[in-house]
Amino acid sequence: MTEKIYEALQRASSLLEQQGIEPHAAQLLMEFVTQKSRASLFADVQEQLTGEQHKDFWDKTDELLEGRPVQYVIGEEGFYGYTFKVDENVLIPRPETEELVYGALERSQKLFATKKITVADIGTGSGAIAVSFKREWSEALVTATDISEGALAIAKHNAKANDADVTFRQGDLTAPIAKDKWDVVLSNPPYIAHDEANLMSGTVLDHEPHNALFADEDGLYFYRKLAETLPPLMNKPSLVAVEIGYLQGPDVHKLFTEAFPEALVETVKDINGKDRMIFCENRE
Ligand code: SAM
């Protein structure tokens, strides 16, 4: 005998809560398993699950109970209004990063006279930044890089699934883009200091790729390397936009001010009021 939607939801939510896991994940699973929107799920809570749905829901709930992030269990996450396939090869795209894309689009509109701009996303992961930028700015020539072959395979899938024509290159930092000149460079690099691992939730630490999260030099390694290698690769005008950790604003601001002495360098807060982005506008 299977359960009704609300019975399974209540039981799973309280099991998750007992383990200190966000109980809302049960609802996301149920939407996925029943293929219902949130609204119709609540209209249909008295509905009996089919045998297949019931098994699927409880198998996936077991994965949640083991600490696997709900986005990996479901296999997708929404970003900037688009759907991205995700698995353990890629960071689950975060809402803060949507703000980076938004800020970069907004500044690019003011900065460039032409629509045909060249854009690179360094460390593309799921492809979230590159694919969203391309969808929002269709004439941009967008290239995305990552050091991880597994991530690039997912990013390529996501570009295709979202009908975004993006070029992919594998390699370390700016190496794969060093032969060209760029109008816009975007990056959400790894930025967590190794000694911050003890502050992180097990869901992130045990499941998301460590090469997407952690960076040497107190988390500043990638910004230092970008500041060193980007200046000769940028056109004028140009925009460099990077996501940062909430304590890294002053350090990264300094790195980019020194690298681009004529540029307007801004530290911008996210919706939670934390320093989260650096925009470096190099005007003519
Ligand atoms: N851009 C995606 C996003 O915002 O959701 C993923 C960002 S994740 C924080 C950082 C990405 O950088 C990972 O996909 C990781 O594989 C990649 N990465 C790590 N080291 C790298 C390197 N040396 N060169 C290029 N990419 C690197």
Side-chain angles (χ1 to χ4, degrees), residues 69 71-72 75-105 119-136 142-159 162 164 166-178 182 184-194 196-197 200 203-205 207-217 219-230 233 240-246 248 252 270 276-278:
Q71 295 89 344
Y72 290 152
E76 63 186 40
E77 172 66 318
F79 183 90
Y80 224 89
Y82 306 102
T83 300
F84 289 84
K85 172 178 168 173
V86 292
D87 69 14
E88 272 80 351
N89 285 294
V90 298
L91 186 92
I92 298 161
R94 308 285 205 264
E96 299 90 284
T97 310
E98 295 178 318
E99 297 188 56
L100 179 77
V101 173
Y102 180 83
L105 283 164
V119 180
D121 171 21
I122 298 177
T124 196
S126 63
I129 296 174
V131 168
S132 306
F133 198 101
K134 175 66 185 177
R135 287 301 309 256
E136 299 295 312
V142 179
T143 299
T145 77
D146 208 288
I147 200 153
S148 152
E149 221 167 283
L152 280 175
I154 298 282
K156 283 178 190 167
H157 169 96
N158 283 326
N162 285 296
V166 173
T167 303
F168 291 95
R169 296 182 193 164
Q170 190 182 8
D172 181 31
L173 275 158
T174 48
I177 62 160
W182 302 90
V184 178
V185 168
L186 308 165
S187 186
N188 171 20
Y191 58 66
I192 301 177
H194 297 286
E196 287 179 284
M200 294 165 68
T203 313
V204 175
L205 198 57
H207 296 270
E208 298 202 67
H210 284 198
N211 72 349
L213 293 169
F214 294 106
D216 292 343
E217 302 175 19
L220 294 169
Y221 168 79
F222 287 90
Y223 306 111
R224 182 175 65 73
K225 294 297 274 189
L226 289 173
E228 252 171 49
T229 57
L230 280 177
L233 308 183
V240 178
V242 293
E243 184 172 318
I244 57 169
Y246 71 107
Q248 295 172 329
V252 181
D270 64 20
R276 186 62 63 195
M277 296 149 261
I278 297 276

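Counting begins at 1 with the first residue of the sequence. Small disclaimer: the values here were computed from a predicted structure and weren't measured. Both ligands and their constituent atoms are indexed starting at 1 by order of listing.
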Next item on the list: Would you indicate whether the side-chain heavy atoms of Tyr102 and Met277 approach each other to under 4.5 Å?
Entry: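 No, their side chains stay 4.5 Å or more apart.
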
Check: Taking the side chain as C-beta and beyond, is there a heavy-atom pair between Thr203 and Tyr72 under 4.5 Å?
Finding: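 Side chain of Thr203 against side chain of Tyr72, heavy atoms only: no contact under 4.5 Å found.
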
Margin query: If only side-chain N and O atoms count, and only distance matters, is there a donor-acceptor pair under 3.5 Å linking Glu243 with Thr97?
Written below: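 There is such a pair (donor and acceptor under 3.5 Å, judged by atom type) between the side chains of Thr97 and Glu243.
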
Which pairs of N or O atoms, one from ligand 1 and one from the protein, are separated by less than 3.5 Å, and what is the distance for each pair?
unit_1: ligand 1; atom_1: 1 (N); unit_2: Gly123; atom_2: O; d: 2.9
unit_1: ligand 1; atom_1: 1 (N); unit_2: Thr124; atom_2: O; d: 3.3
unit_1: ligand 1; atom_1: 4 (O); unit_2: Asn188; atom_2: ND2; d: 2.9
unit_1: ligand 1; atom_1: 14 (O); unit_2: Gly125; atom_2: N; d: 3.4
unit_1: ligand 1; atom_1: 14 (O); unit_2: Asp146; atom_2: OD2; d: 2.7
unit_1: ligand 1; atom_1: 16 (O); unit_2: Asp146; atom_2: OD1; d: 2.6
unit_1: ligand 1; atom_1: 23 (N); unit_2: Asp172; atom_2: OD1; d: 2.6
unit_1: ligand 1; atom_1: 24 (N); unit_2: Leu173; atom_2: N; d: 2.9
unit_1: ligand 1; atom_1: 26 (N); unit_2: Ile147; atom_2: N; d: 3.4

Next item on the list: For side-chain contact (heavy atoms from CB on, under 4.5 Å), just list the numbers for Val131 and Phe84, CA-CA rounded to whole Å, side-chain angles, deciding distance to a tenth of an Å, and then say yes or no.
Entry: CA-CA 9 Å; Val131 168; Phe84 289 84; 3.7 Å; yes

Note to self: Is it the case that the side chain of Arg276 and the backbone of Ile244 share a donor-acceptor pair, with hydrogens and angles ignored and the cut-off at 3.5 Å?
What the structure shows: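 Indeed, once roles are kept as given, a pair shorter than 3.5 Å links the two residues.
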
Next item on the list: Look only at the side chain of His210 and the backbone of Leu205, and say whether a donor-acceptor pair between them is shorter than 3.5 Å.
Entry: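 Flag set: sc His210 to bb Leu205 pair under 3.5 Å.
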
